[in-house]
Amino acid sequence: MADQADTRTPAQIEADIRRRREVLAETLDEIGVRVHPKTIVGDAKAKVASHVDHTLGRAYVQVNRVVSEVRAQFVDEEGAPRLERVVPAALLVVGVVGLLTLSTRRRKD
């Protein structure tokens with residue numbers, strides 16, 4: 001292969017060198033920012049926060065679904081309570097609270 005002669009003037013060569021130095025300086029600055037400990041920590045925090053938000057969002061959806069399913073057991077489509085299910089559940093809760101209260105009083109004596 002034959003060498004091609006550079007037909008640029010010295011001023012053009014100097015201008016090209018200046019441009020390349022500027023680009024190189026910008027690249028080095030960008031690399032410096034990317035590898036800076038604060039940047040790395042900030043990126044890690046952002047990833048963790050994103051994961052937590054995603055996990056909490058999924059948990060919220062699951063809890064909301066369970067609450068809706070439980071609510072459907074005690075309320076009909078019109079929003080009226082289903083007494084045949086509410087009354088036994090209420091009696092059960094009162095009974096458990098009563099037993100816990102008696103148990104606590106006996107321990108104190």
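Because the structure is predicted, anything quoted here is derived from the model rather than measured.
Between V75 and R82 the shortest side-chain heavy-atom distance does not fall below 4.5 Å. Counting heavy atoms from C-beta on, the side chains of T39 and V35 never come closer than 4.5 Å.
Partners of R18 according to the side chain to side chain contact (heavy atoms under 4.5 Å, CB included) rule, which considers only residues two or more places apart in sequence or in another chain, are E14, A15.
Here side chain to side chain donor-acceptor pair (under 3.5 Å) pairs that include residues 48-57, with residues two or more places apart or in two chains, number zero.
Expressed to the nearest 0.5 Å, how far CG of L28 lies from CG of L24 amounts to 4.5 Å. Atom CG of residue D6 and atom CD of residue Q12 lie 8.5 Å apart, to the nearest 0.5 angstrom. Atom CD1 in I31 sits 12.0 Å away from atom CD in E26 (nearest 0.5 Å).
Between V86 and P81, the closest heavy-atom pair is CG2-CB, 4.2 Å.
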Criterion side-chain contact (heavy atoms from CB on, under 4.5 Å) on R85 and F74, from CA distance to verdict: CA-CA 6 Å; R85 293 188 180 168; F74 294 99; 4.0 Å; yes

Working for salt bridge (Lys or Arg N to Asp or Glu O under 4.0 Å), residues E30 and R34: CA-CA 6 Å; E30 185 177 329; R34 286 184 183 180; 2.5 Å; yes

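Results of the side-chain contact (heavy atoms from CB on, under 4.5 Å) test with I17 over R19, R21, R20 single out R21 as the only residue that passes. Among L99, V94, T101, the one residue that satisfies the side-chain contact (heavy atoms from CB on, under 4.5 Å) test with V97 is T101.
Using a 4.0 Å cut-off between charged side-chain N and carboxylate O, K47 and D43 make no salt bridge.
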